[in-house]
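Notes for the one structure printed next.
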Amino acid sequence: MSKILVSIVGAQTLPNILPIKEFGNTIDKYIFISTTKVKKELEWIIRVCDLETSKINNIEVDEDDIGQINEKLFDATSNLDTPGEFSVNLTGGTKIMALGTFQFFAGSSFNSKMFYLTMGSNILRQVYPSVDKSQRDTDLKYRLNVEEFMGAYGTAITNKQSIYTMCQSKDYTTKFFEKKWSKDEIMHELRKEKYGVIFERIDSTYKESIQNFLRKISFPVQSEDRLTRVEIQYLTGGWWEEFCFHFIKERFGLREPFIAKGLINTKTNNELDVVFVKENVLHVLECKTTILEKLQFEDYLYKLAAIKSNQDGFGNGVKAYLFTNLIKRDLKTNKIDDTIQKRADAFDVKLVD
């Protein structure tokens, strides 16, 4: 008996993608109910799920016309050689589309099961036919990785080759953090050097200061006669991103497809310092070594707010964090500065220092 999965396409693609991924190759045919407004979302679903064109039947409807939805579903199911078994996902689309789809399958003689994906969970809840409460929920086992999550929002990772590349080893970065080498005075000068330093071209005193510091911290360099742009970036703040990456990866036992560093994509303008997907939820970390100035802090919040946008980012279900090594605190209570904390709360951003 053939198995057909019916999905209603809306602005949010994850409720469609997750059941398709969960059912995997057990499905023989896919029927999508969509509108002209969600053509690109349907394309994203098909691409992320890597569906064969021959297995897809897309029914384009008017989102508020129940009669038309019933008619088009009748035509689509009548053309099937063997009706088979229908799994109907009611989660996406508009309420009218879901109601029309439910009405059609509930009133038919097909072998049908209808379900929806409960919000903020990985649970499929069966709503038709009615079953005992202990049997109605099915836990989704499939977990999206970072690239699949990005694809669900129509974006591609443009620097796949570098998102797992570290400047230094985990052990060295941990030592850099523990020894507080970032507080050395030479850092103020190195922050001015954006394109690297060739030692023979700089003042001898400056050169000696840099080399003494590098020897003190046993910093592994690619070349003895220069510091590259990447090495300077590491010394002046990149070490903190790498530290946060290793910390999160180890803390949650994540494998690399599910976590990335320095990710650049085709949707957001900014590089994402650290991102990871856990339980099919995207977490985004903005990693800054120091937060003392209000104006600078506001910039970080606006960046994270854009990532949580439904239009320009990855939806308000994203968990956003600002990881900092040093933040402004009240001298009397030692609590994070009240103004900073309230602004972060207003943007739904978690501060971690």
Exercise: identify the closest heavy-atom pair between [X] and [Y]:
X	Y	result
Gln126	Val131	NE2-CG1, 3.3 Å
Lys39	Glu60	CE-OE1, 3.5 Å
Leu42	Ser34	CD2-OG, 4.3 Å
Thr173	Phe243	CG2-N, 3.6 Å
Thr155	Lys267	OG1-N, 3.1 Å
Glu193	Ile232	O-CG2, 3.2 Å

At what distance, to the nearest 0.5 angstrom, does [atom1] of [X] lie from [atom2] of [Y]?
X	Y	atom1	atom2	result
Lys180	Asn325	NZ	CG	8.5 Å
Arg47	Lys40	CZ	NZ	12.0 Å
Leu124	Glu22	CG	CD	7.0 Å
Asn58	Ile33	CG	CD1	9.5 Å
Leu322	Cys287	CG	SG	8.5 Å
Ile186	Leu214	CD1	CG	8.5 Å

Hydrophobic clusters here meaning ILVMFWY residues chained together by side-chain heavy-atom distances under 4.5 Å, can you tell me if [X] and [Y] are in one?
X	Y	value
Phe104	Val9	no
Ile8	Ile66	no
Val88	Val127	yes
Tyr30	Ile4	no
Ile96	Met114	no

From CA spacing to verdict: side chain to side chain contact (heavy atoms under 4.5 Å, CB included), Phe323, Ile248: CA-CA 11 Å; Phe323 271 48; Ile248 292 293; 4.2 Å; yes
Parallel, tilted or perpendicular: ring planes of [X] versus [Y], cut at 30 and 60 degrees:
X	Y	value
Tyr153	Phe314	perpendicular
Phe252	Phe276	parallel
Phe347	Tyr302	perpendicular

Does the side chain of [X] pick up a donor-acceptor pair with the side chain of [Y] at under 3.5 Å?
X	Y	answer
Ser218	Tyr172	no
Asp132	Ser134	yes
Thr91	Asn89	yes
Asn159	Ser162	yes
Gln341	Asp337	no

Side chain to side chain contact (heavy atoms under 4.5 Å, CB included) evaluation trace for Val221 with Leu227: CA-CA 7 Å; Val221 292; Leu227 271 178; 4.0 Å; yes
Trace of the side chain to side chain contact (heavy atoms under 4.5 Å, CB included) decision for Arg215 with Gln211: CA-CA 6 Å; Arg215 281 193 290 269; Gln211 290 179 325; 3.9 Å; yes
Kindly indicate whether the side chain of [X], heavy atoms from C-beta on, has any atom under 4.5 Å from the side chain of [Y].
X	Y	result
Asp139	Asn122	no
Val146	Ile157	yes
Glu200	Asp225	no
Val284	Ile307	yes
Lys308	Asp348	yes
Glu271	Glu241	yes
Arg201	Ile198	yes
Tyr164	Lys261	no

Taking only Lys NZ, Arg NE, NH1 and NH2, and the carboxylate oxygens of Asp or Glu, determine whether [X] and [Y] approach each other closer than 4.0 Å.
X	Y	result
Lys342	Asp338	yes
Glu178	Lys175	no
Glu242	Lys170	no
Lys37	Glu63	yes
Asp28	Lys3	no
Lys113	Glu85	no
Asp353	Arg329	yes

Is the backbone N or O of [Y] less than 3.5 Å from a side-chain atom of [X], with the two atoms forming a donor-acceptor pair by type?
X	Y	result
Thr324	Lys288	yes
Thr13	Ile45	no
Gln68	Asp65	no
Asn270	Leu304	no
Lys21	Lys141	no
Thr158	Ile264	yes
Thr118	Ser121	no
Asp62	Asp64	no

Within the supplied structure, the quantity of interest is the number of heavy atoms (other residues, nucleotides, ligands) at a distance under 6.0 Å from [X] [atom1]; does it exceed 12?
X	atom1	answer
Glu279	CD	yes
Lys55	NZ	yes
Phe74	CZ	no

Candidate pair Tyr128 and Phe115, rule ring pair (Phe, Tyr, Trp, His ring centres under 6.0 Å), full reasoning: CA-CA 7 Å; Tyr128 180 89; Phe115 60 86; over 10 Å; no
Full working for ring pair (Phe, Tyr, Trp, His ring centres under 6.0 Å) between Phe176 and Trp181: CA-CA 6 Å; Phe176 196 101; Trp181 287 330; 5.8 Å; yes
CA sep, side-chain torsions, deciding dist, call: Gln296, Thr290, side chain to side chain contact (heavy atoms under 4.5 Å, CB included): CA-CA 10 Å; Gln296 184 186 50; Thr290 305; 5.9 Å; no
